[in-house]
Amino acid sequence: MSHQKKILLIGIAGGLAQMTARLILTEHPDWEIVGIDSRDVSKVPALKNLTAINLKYSRGNFENLFRTHHFDVVYHLGRISHSSNEHNVLAKRIDLSVMGTNRILELCERSGVKKVVILSTFHVYGALPDNSIFLKEDAPLRASIRHPELRDVIEMDQICTNWMWKNQNSISTVVLRPCNIIGTQIQNAMTKFLSGPVALSPIDYNPFFQFIHEFDMAHILYRALDSLPTGTYNVAGSDFISLRDALDEVGTKGIPFPMVLAGGLNSALKKFNIEVPEYLLEYLKFSCLISNKELQKHLGPKFLRFSIKEALELIKLR
């Protein structure tokens, strides 16, 4: 994929998308990227050959976009945070994650797109007491059993994987399920949890976590263009760390509490702008570790620059 390309990058207002765009244009300065987002794009860095457009995610707007441009590659990195289960937010998420994804994939198929890279999440597996030690890509997606607010995340993943195999002979599609992405340029729930002044730390549980630095995740998104064939891939390093050790590493004071009080304590902390999404409370109880064997087959065993401890060290720079 070395000749000149035009790329559609959905979710350009996000820090990870901007890092990915910068990396692509550094390696291929003659390529062109059209970045879109329903959020404000005024703070997207000005890069040569990057056009950032504020665009409502609607069928008409997507169709106009694909009529105006001939895209070789589509990156779908645009997801609304799944940290809320309020009805209006959930309805908006379902429209973007499920209906919006359907529209995008349909247009990719009709427009001759050759490569599609989709960002999902390891959260689709769920944090459950009977999880195996390292979940493979064919493990059942059970996150919505306890938390219906994750339903759209699972539906989007399933839509993408079904479409991927249906069109495998004409379009190369990669679905990535990364572990916790952390870094100074992103605003996700886990980065906020780790970098806050205090964090919930149950006295009766100490689960293991996997973390990947935002730079490494952007690099994998870039390498997905040429190095990853059609398939679903967990994204994580081979190391893991306990919750208490992770909090010690970043210097965040853990609030010890019995897990039975988690809901009430979390509600109280909201008054101080410290909040853990309800679904994330399950990850403070049970480990959800994912296997990276499939990814290693194509990227080799040393595909990450930063270890977990180095990634945690770097978020202190926030």
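Everything quoted here is computed from the prediction, not taken from an experiment.
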Ring center gap for Phe303 and His219 short of 6.0 angstrom: no
Show every salt bridge (charged side-chain N to carboxylate O under 4.0 Å, His left out) that has at least one partner inside residues 252-265, sequence neighbours left out. none
Indicate whether any N or O donor in one side chain lies under 3.5 Å from an N or O acceptor in the other, for Asn131 and Ser287. no
Please test Arg142 against Asp130 for salt bridge (charged side-chain N to carboxylate O under 4.0 Å, His left out), starting from the C-alpha separation and ending with a verdict. CA-CA 11 Å; Arg142 302 189 294 165; Asp130 60 345; 3.0 Å; yes
Kindly state each residue pair satisfying ring-ring contact (aromatic ring centres under 6.0 Å, His included) with at least one member in residues 161-182, sequence neighbours excluded. none
Sole residue of Val73, Asp72, Thr173 in side chain to side chain contact (heavy atoms under 4.5 Å, CB included) with Lys115: Val73
Any salt bridge (charged side-chain N to carboxylate O under 4.0 Å, His left out) involving residues 162-181? Give me the pairs, sequence neighbours left out, ordered by first then second residue. Asp157-Arg177
Which atom pairs, one a donor and one an acceptor, fall under 3.5 Å between side chains of residues 199-212 and the rest of the protein, sequence neighbours left out?
unit_1, atom_1, unit_2, atom_2, d
Asp204, OD1, Met259, N, 3.2
Asp204, OD2, Met259, N, 3.3
Asn206, OD1, Leu243, N, 3.4
Asn206, OD1, Arg244, N, 3.1
Gln210, OE1, Ile290, N, 2.8
Gln210, NE2, Ile290, O, 3.1

For residues 52-71, pull every pair meeting salt bridge (charged side-chain N to carboxylate O under 4.0 Å, His left out), keeping only residues two or more places apart or in separate chains. Arg59-Glu63, Arg59-Glu106
Angle class for the Tyr279/His123 ring planes (parallel below 30°, perpendicular above 60°, tilted otherwise)? perpendicular
For the side chain to side chain contact (heavy atoms under 4.5 Å, CB included) test, which of Leu221, Leu77, Thr121, Ile118 pairs with Leu176? Leu221
Above 12 or not: heavy atoms from other molecules or residues under 6.0 Å from NZ of Lys6? yes
Pairs involving residues 301-311, ordered by first then second residue, that meet side chain to side chain donor-acceptor pair (under 3.5 Å) (sequence neighbours left out): Ser307-Glu310
